Amino acid sequence: MVRISGKITSCGKLALWQRACSLLVGATASLPRRRSVAKSNATITAMEQGREWQLGLVLFHSIAKNQINPDVISFTAALNCCGRGRQWHLALEFYEAMLRERVKPNSYVFNTMISMFEKVRKWQHALAFFTEMASRQVQPDVFSFNSSISAFEKAAQWWLALSWFDTMSPHEVQPNVVTYNASISALEKGSQWQRGIQLFKAMQMCHVSPDIVSYCAAITSFGKGGEWQQVLLLHDEMSKRRVVPNMLSFNATISAVDKGGQWQLGLCFFNSIAQNKLQRDVISFTAALTCCGRGQQWQLALHFFGAMPRARVEPNAYTFNVIISMFEKVGAWHHSLSFFTGMASRQIQPDVFSFNSSISSFEKAAQWSLALSWFDAMSEKVQPDVYSFNSTISACEKGSQWQQGISLFEAMTKHKVGGFALSQDLYNPDHPCIY
DNA sequence: CTAGGGTTAG
């Protein structure tokens, strides 16, 4: 008799869920119950890893129908399916069902829940499950801490991330490279990049070797601070330590040196992606286009944009936003407009960035009626923010449409848009609309 | 059965 669950598990790792399914179906139904649960669990996981999370859930339900009680591993696998499908409400129901059926949740269950809440950006829920874990006498392990820190990182809750980090030793859990990486990112996202760099240095003192993800986090941190020279030093250090850069680290580098004003250097790093025989993705191109924007190199930007189909890379909303904003900067409003309309023809939904950058470019060119019509179109799709109002009001002012400007201003204060961050124009004592 | 990284304007 072959160990079928092992085979199914390897199918999952290779994302061969169809094969996993047929192995399961092909197996005889006369296996001992314990073995068949293991088999089903392996299949659920295989489906989840093959991104067929719905099928995994279907299989989970079929276990119960075949009078086999799902065990804690079945529930964990099902929870992972929920996580993959971002179905956190459903996951909560599974958790409740599990308690009802007297299946004791273990650390895997809690870690899976915490990780799911990280994915759906619900850090309070992640925290609640971390606490729930303690109340059910399950000791948190390195996965619990790391997943929680990541959940806090996504929400820029750097203080919580650090306090979790500090709680690890009292719990006798050793931080590992993932702990450091998540914490460095949390500090960077919380605008504490210097602290993040301190942690990056501290990990080496604690004999945890930085890997490519650590370097990525450090590069992004230095980028936040505009420290582009330090980014170059990190690249030297990486090659000395034989940490191989990948597409993600190059993408981070392009953006980091660009933020330090070194847009040409950013473009060099963009070129090195292909030189290193690595794939470029939409983020690589978008980062390169951002460099072009900073350097006001719009012809070059059009060249990169034109090169995307050949690299089989589809632009997304970020890509278009960068281009629209670049044309705003160089004062080419008709180009902003044509890229904005280009989004629709590619079924890309314009977001608040797309609208605001377009309105700004119309405002700069005193195209008040375009600005107004964009503002109106925007209001039907996305929530205008303080900048949307400011640019549109400013456009009205430039076009001597002061009545329109005033009514927008009133609408803005009525809806409490942007709190106290009001338009400079409206505070200008020379402004005819208000004074 | 469980954990980490990269892209956008004013």
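Reminder, nothing fancy here: chain letters follow the sequence lines and each chain counts from 1. A quick note: this is a predicted structure, and the numbers were derived from the prediction, not measured.
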Asker: Whole angstrom is fine here: how far is it from CG in A:Leu234 over to C1' in B:dG6?
Answerer: 15 Å
Asker: Within less than 4.0 Å of OP1 or OP2 of B:dG5, is there a side-chain N or O belonging to A:Lys154?
Answerer: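 Answer is yes, contact under 4.0 Å.
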Asker: Evaluate the criterion ring pair (Phe, Tyr, Trp, His ring centres under 6.0 Å) for residue pair A:Phe250 and A:Phe270; output intermediate values, then yes/no.
Answerer: CA-CA 7 Å; A:Phe250 278 118; A:Phe270 175 78; over 10 Å; no
Asker: Would the base of B:dG10 count as contacting A:Asn321 through its side chain, where contact means a donor and an acceptor less than 3.5 Å apart?
Answerer: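 By the distance-only test, no, there is no pair.
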Asker: Which nucleotide in the set B:dA3, B:dT2, B:dT8 lies at the smallest distance from any side-chain heavy atom of A:Asn176?
Answerer: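 The answer is B:dA3, which lies nearest to the side chain.
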Asker: Which nucleotide wins on minimum distance to the side chain of A:Lys189, given the candidates B:dC1, B:dG6, B:dT7?
Answerer: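 Nearest to the side-chain atoms of A:Lys189, counting from C-beta on, is B:dG6.
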Asker: What's A:Val177 touching, base or sugar-phosphate or nothing? Going by heavy atoms closer than 4.0 Å.
Answerer: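 Answer is base: heavy atoms of A:Val177 come under 4.0 Å of a base.
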Asker: Can you figure out which of B:dG6, B:dG10, B:dA3 approaches the side chain of A:Asn146 most closely?
Answerer: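 Looking only at side-chain atoms, A:Asn146 lies closest to B:dA3.
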Asker: State yes or no: are the ring centers of A:Phe165 and A:Tyr180 separated by less than 6.0 Å?
Answerer: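 Yes - the distance between ring centres of A:Phe165 and A:Tyr180 falls below the 6.0 Å cut-off.
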Asker: Could you check which of B:dT7, B:dA9, B:dT2 has an atom nearest any side-chain atom of A:Asn111?
Answerer: B:dT2
Asker: Among B:dA9, B:dG5, B:dT7, which is the nearest nucleotide to the side chain of A:Ile283?
Answerer: B:dT7
Asker: Name the closest nucleotide to the A:Glu188 side chain, picking from B:dG6, B:dA9, B:dG5.
Answerer: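 Minimum distance to the A:Glu188 side chain belongs to B:dG6.
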Asker: Could you please name the option among B:dG5, B:dA9, B:dT2 that lies closest to any side-chain atom of A:Leu248?
Answerer: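 For A:Leu248, the side-chain atoms sit closest to B:dG5.
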Asker: Measure from the side-chain heavy atoms of A:Thr220 and tell me the nearest of B:dG5, B:dA3, B:dG6.
Answerer: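 Taking heavy atoms from C-beta onward, the closest nucleotide is B:dG6.
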Asker: OP1 or OP2 of B:dT8 less than 4.0 angstrom from a side-chain nitrogen or oxygen of A:Lys259, does that happen here?
Answerer: yes
Asker: Measure distances between side-chain N and O atoms of A:Asp281 and base N and O atoms of B:dG6, and say whether any donor-acceptor pair falls under 3.5 Å.
Answerer: yes
Asker: Distance only, no hydrogens: is a donor on one side chain within 3.5 Å (strictly under) of an acceptor on the other, for A:Ser373 and A:Asp376?
Answerer: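 No, no side-chain donor-acceptor contact under 3.5 Å.
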Asker: With a 4.0 Å limit, can you tell me whether A:Gln49 has a side-chain N or O closer than that to the phosphate oxygens OP1/OP2 of B:dT2?
Answerer: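 Checking A:Gln49 against B:dT2: at least one side-chain N or O falls below 4.0 Å of OP1 or OP2.
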Asker: Check the angle between the aromatic planes of A:Phe75 and A:Phe94 and answer parallel, tilted or perpendicular using the 30° and 60° thresholds.
Answerer: perpendicular
Asker: Quick check for you: among B:dT7, B:dT2, B:dG6, whose closest atom lies nearest to any side-chain atom of A:Thr286?
Answerer: B:dT7
Asker: Among residues 113-145 of chain A, which contact DNA chain B at a heavy-atom distance under 4.0 Å?
Answerer: A:Ser115, A:Glu118, A:Phe143
Asker: What residue among A:Thr253, A:Leu233, A:Leu234, A:Leu232 forms side-chain contact (heavy atoms from CB on, under 4.5 Å) with A:Phe222?
Answerer: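 Result for side-chain contact (heavy atoms from CB on, under 4.5 Å) with A:Phe222: A:Leu234.
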Asker: side-chain contact (heavy atoms from CB on, under 4.5 Å) with A:Ile359: which of A:Phe389, A:Trp374, A:Tyr387?
Answerer: A:Trp374
Asker: Answer with base, sugar-phosphate or nothing: what part of the nucleic acid does A:Lys364 contact at a heavy-atom distance below 4.0 Å?
Answerer: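 No contact.
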Asker: Of all the nucleotides listed (B:dG6, B:dG5, B:dT2), which has the minimum atom distance to the side chain of A:Ile212?
Answerer: B:dG5
